[in-house]
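Just so you know, ligand 1 is whichever comes first in the structure, and atom 1 is the first atom listed for that ligand.
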Amino acid sequence: MKNISFLICIATVFLTNCANTNEDKPLAKKYVIETHSYAEPNDAVITHLDLDVSVDFDVKQIKGTASYNISSNNASEIILDSKFLEVSKVLVDGKEVTFTMGDFNEQLGQALKIPIQSNSKQITVHYNTTNKTEALQWLSPQQTADKKEPFLFTQGQAILTRTWIPIQDSPQIRVTYNATVKVPSQLMAVMSAENPKTKNNNGIYTFKMRQAISPYLIALAVGDINYKAVSNRTGIYAEPSLLEKAHFEFSDMEKMVVAAENLYGKYDWDQFDVIVLPPSFPFGGMENPRLTFATPTVIAGDKSLTSLIAHELAHSWSGNLVTNATWNDFWLNEGFTVYFEMRIMEALYGKDRANMLALIGRQDLEEELEGFKDSPNDTKLKLDLEGRNPDDGMNSIAYDKGYLFLRTLEETVGRIEFDAFLKNYFKSHAFSTMTTERFITYLNTNLLEKNKITFNTEEWIYKPGIPENQAVITSNKFEIVEQTIASFLKNNTIDKTLTQDWTTQEWVHFVRNFPKTITPEQMELIDNAFDLTHSNNSYIAMVWFEQAITHNYKANNVDEMISSFLNKVGRRWYVSTLFKAYKNSNKVEEALEIYKNSRGNYHSVTINTIDAMLGYKN
Ligand code: BES
Ligand code: ZN
């Protein structure tokens with residue numbers, strides 16, 4: 001591995017100035033200070049993981065060994081992160097040693113300190129997870145699509161991998177891995193690695209991940225799933241009853257990979273598959289390398305929500321290839337990814353679609369800024385998350401302001417220059433990490449100074465709010481939607497010929513832009529015309545429910561639809577939007593009534609957010 005990174009660096013010297021030449025020398029301090037990990041990687045670092053575990057659905061436990069190849073700088077110990085794990089034994093080069101577990105910290109967990117010698121090569125940790133694990137969600141058959149078999153998935157980002165594997169859990173660390181995972185024989189296991197495409201009889205699956213990845217990207221899912229290819233390098237894993245629907249929905253996957261490669265260079269991960277998880281999955285998607293994890297709520301039947309796939313695919317460059325060094329640099333992952341996502345969508349479906357998506361993000365940004373008006377520091381691109389749970393501070397500013405920054409840059413320097421710059425950025429920093437400061441230096445040298453352009457980069461990155469020179473995004477289609485709202489408010493009727501060709505994005509824009517003064521009677525007129533309460537599109541339903549809660553709309557049994565939605569769907573963005581609407585309308589009691597029943601269906605990251613929002617005490 002060392003030799004390879006050395007060669008990459010040599011190659012990089014010729015391509016760029018190799019800003020990180022020094023950092024690849026073994027004795028230099030390669031890693032920046034990271035407040036969300038106990039590891040001291042400048043002293044001793046893991047380079048490869050061999051995981052050998054069994055998955056026990058009866059006791060809801062993962063148990064086995066994590067072995068690491070290590071490289072050290074004459075250190076006398078190597079420190080791993082662990083949280084809610086039970087460690088029974090540690091070996092160094094095959095010999096048992098006395099390890100220590102540090103004090104427990106609510107956010108970080110415990111340091112696992114292992115004594116080593118300067119020539120130690122390998123450590124092995126015997127461990128098991130406990131029922132406090134935060135990464136894992138164990139689902140009963142009832143919580144799956146087919147309701148026959150249980151399901152398990154992991155969520156590593158931001159600092160949860162340490163709750164199912166003892167590891168140096170900082171995004172600056174990169175490991176290759178091999179894994180052997182034993183599961184009940186009727187289930188199949190898949191990871192962010194080279195995956196099986198069919199079930200085997202003994203329930204023992206082996207995995208190999210030859211590209212080095214950050215620990216937050218190590219992922220596992222176990223369930224009754226089948227595979228169907230979309231192309232020779234893309235395809236879908238899903239429960240049997242969902243597989244055909246998902247396959248249709250995501251049938252443009254290969255085209256997306258081609259579009260992405262045409263923009264910013266070769267796809268470096270060989271395979272790009274998606275696994276559709278049960279509805280409690282807390283995110284829209286998670287960019288686990290080679291195998292994106294996705295919510296079933298994007299299966300709308302008409303491919304209208306597949307920008308999510310473009311987003312997770314884009315992370316194969318921004319995030320997985322060039323990784324934020326610390327969670328304070330999170331915008332380097334998400335802002336670039338949203339920008340890239342919009343470019344993929346534009347390439348496949350045209351500017352109209354891309355601009356509608358961008359404008360929805362622009363409105364999100366306005367709402368977020370309003371929400372953070374008392375904590376403006378949270379609206380900076382570069383965050384300061386020290387002492388906080390990164391998951392609380394990593395808000396969507398990184399996405400929407402990050403996007404607007406990059407779009408503004410693009411419009412300032414011109415698309416051709418900007419694309420060439422981004423392509424080189426990914427190529428010259430592939431399989432390495434990036435800090436905000438190093439990015440600024442790289443931007444100045446390779447784009448701005450080169451083109452003699454002055455740009456207020458520092459203001460965009462280090463100041464709250466949005467600078468004056470922001471790109472202006474427009475959409476004719478959304479203007480028509482706005483006119484439709486205005487004419488409805490005047491006449492209390494909508495000409496259906498205007499709405500018959502509306503896409504999901506137009507409906508979402510329509511519903512989100514009702515005036516504050518809209519009445520329940522007016523909402524009922526709209527509902528009677530379009531039955532939004534029973535929309536099969538999760539996004540349209542969600543924004544409609546948000547308005548129903550805010551404006552006391554009660555007709556058509558909408559309350560029942562809302563509570564059954566919240567009971568089933570655990571996607572944090574949806575769930576928190578709706579609970580926030582209750583809270584902002586002084587209906588916390590009503591929210592708690594629903595939450596009491598739905599909470600058990602959610603993953604820990606959704607629970608943490610909603611507990612805090614509603615002041616829920618378990
Ligand atoms: N990497 C994120 C999900 C994430 C962020 C997990 C922070 C944990 C901490 C993923 O790529 C993402 O951004 N998902 C979005 C979808 C997207 C289309 C904006 C989501 O889940 O809504
Ligand atoms: Zn993302």
Side-chain angles (χ1 to χ4, degrees), residues 36 107 134-135 137 153-161 163 169 171 192 213-219 250 256 274 276-277 279-289 291-298 300 304-324 326-345 354 357-358 360-362 364-365 368 383 385 388-403 406 504-505 508 538-539 542 569-577 603-606 608-609:
H36 294 110
Q107 268 131 40
E134 294 168 311
Q137 193 178 9
F153 65 82
T154 66
Q155 168 58 39
Q157 197 180 13
I159 55 169
L160 303 182
T161 298
T163 75
D169 197 8
S192 50
I213 61 171
S214 294
Y216 74 92
L217 296 169
I218 300 174
F250 303 146
M256 286 185 177
V274 170
V276 179
L277 295 170
S280 67
F281 183 57
F283 295 103
M286 178 64 213
E287 65 271 26
N288 298 314
L291 181 65
T292 280
F293 283 22
T295 170
T297 62
V298 291
S304 64
L305 300 178
T306 57
S307 59
L308 177 102
I309 304 296
H311 178 98
E312 305 313 333
L313 169 65
H315 274 305
S316 306
W317 288 258
S318 41
N320 299 0
L321 210 51
V322 185
T323 309
N324 54 203
T326 75
W327 297 117
N328 292 334
D329 307 301
F330 181 57
W331 76 277
L332 291 175
N333 274 19
E334 296 301 341
F336 279 70
T337 295
V338 174
Y339 177 81
F340 197 163
E341 166 197 347
M342 296 303 161
R343 295 295 304 276
I344 296 171
M345 294 306 284
L357 291 168
I360 289 176
R362 188 66 191 76
D364 290 338
L365 178 55
E368 286 145 30
L383 298 169
L385 299 171
R388 290 172 78 178
N389 182 342
D391 203 51
D392 297 337
M394 290 155 60
N395 59 58
S396 48
I397 292 289
Y399 294 72
D400 298 317
K401 181 175 170 183
Y403 169 74
L406 294 170
T504 296
Q505 284 68 38
V508 166
S538 67
Y539 194 4
M542 190 276 284
V569 174
R571 185 176 179 183
R572 179 167 67 177
W573 168 39
Y574 283 3
V575 171
S576 62
T577 303
H603 184 274
S604 73
V605 306
T606 301
N608 280 341
T609 301

Within the 4.0 Å heavy-atom shell around [X], which atoms of ligand 1 are there?
| X | result |
| --- | --- |
| M394 | 7 (C), 9 (C) |
| E287 | 1 (N), 2 (C), 10 (C), 11 (O) |
| H315 | 11 (O) |
| Q155 | 6 (C), 8 (C) |
| L308 | 16 (C), 18 (C) |

- Task: Using the Zn ion (ligand 2) as the apex, give the angle to atoms OE1 (E334) and NE2 (H311), rounded to 10 degrees.
- Result: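 It rounds to 100°.
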- Backbone of T326 reached by a side-chain donor or acceptor of D329 within 3.5 Å: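 Yes.
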- Query: Given the side-chain rings of F153 and F293, with only the six-membered ring counted for Trp, is the space between their centroids under 6.0 Å?
  - Reply: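 When the ring centroids of F153 and F293 are compared, they turn out to be at least 6.0 Å apart.
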- Is there a heavy atom in F330 that sits closer than 4.0 Å to ligand 1?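 Distance cut 4.0 Å: F330 passes for ligand 1.
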- Apply the test side chain to side chain contact (heavy atoms under 4.5 Å, CB included) to residues Y403 and L365: give CA-CA distance (whole Å), side-chain angles for both, the deciding distance (0.1 Å), then the verdict. CA-CA 10 Å; Y403 169 74; L365 178 55; over 6 Å; no
- Minimum-distance protein heavy atom relative to atom 15 (C) of ligand 1: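 Heavy-atom neighbour on the protein nearest atom 15 (C) of ligand 1: E312 OE2, 4.2 Å.
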- Got the closest protein heavy atom to atom 13 (O) of ligand 1, with its distance?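 Here the nearest protein heavy atom works out to Y399 OH, 2.7 Å.
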- Task: Please find out if the Zn ion (ligand 2) and some N, O or S atom of E287 are separated by less than 2.8 Å.
- Result: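 False for E287.
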- Message: Considering both backbone and side-chain atoms of R572, is one of its nitrogen or oxygen atoms within less than 3.5 Å of a nitrogen or oxygen in ligand 1?
- Response: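 Between R572 and ligand 1 (N or O atoms, distance only) the closest approach is not under 3.5 Å.
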- Query: Counting heavy atoms only, which of A294, G284, G156, G285 is nearest atom 14 (N) of ligand 1?
  - Reply: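 Closest candidate by heavy-atom distance is G285.
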- Specify side chain, backbone, both or neither for H311, according to which of its non-hydrogen atoms lie closer than 4.0 Å to ligand 1.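 The side chain, only.
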- Task: Please examine the side chains of W573 and T297, heavy atoms only from C-beta on, and report whether any two atoms are closer than 4.5 Å.
- Result: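 With C-beta onward as the side chain, the pair stays apart.
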- Checking side chain to side chain contact (heavy atoms under 4.5 Å, CB included) for the pair T337/E287: CA distance, chi angles, key distance, verdict? CA-CA 11 Å; T337 295; E287 65 271 26; over 6 Å; no
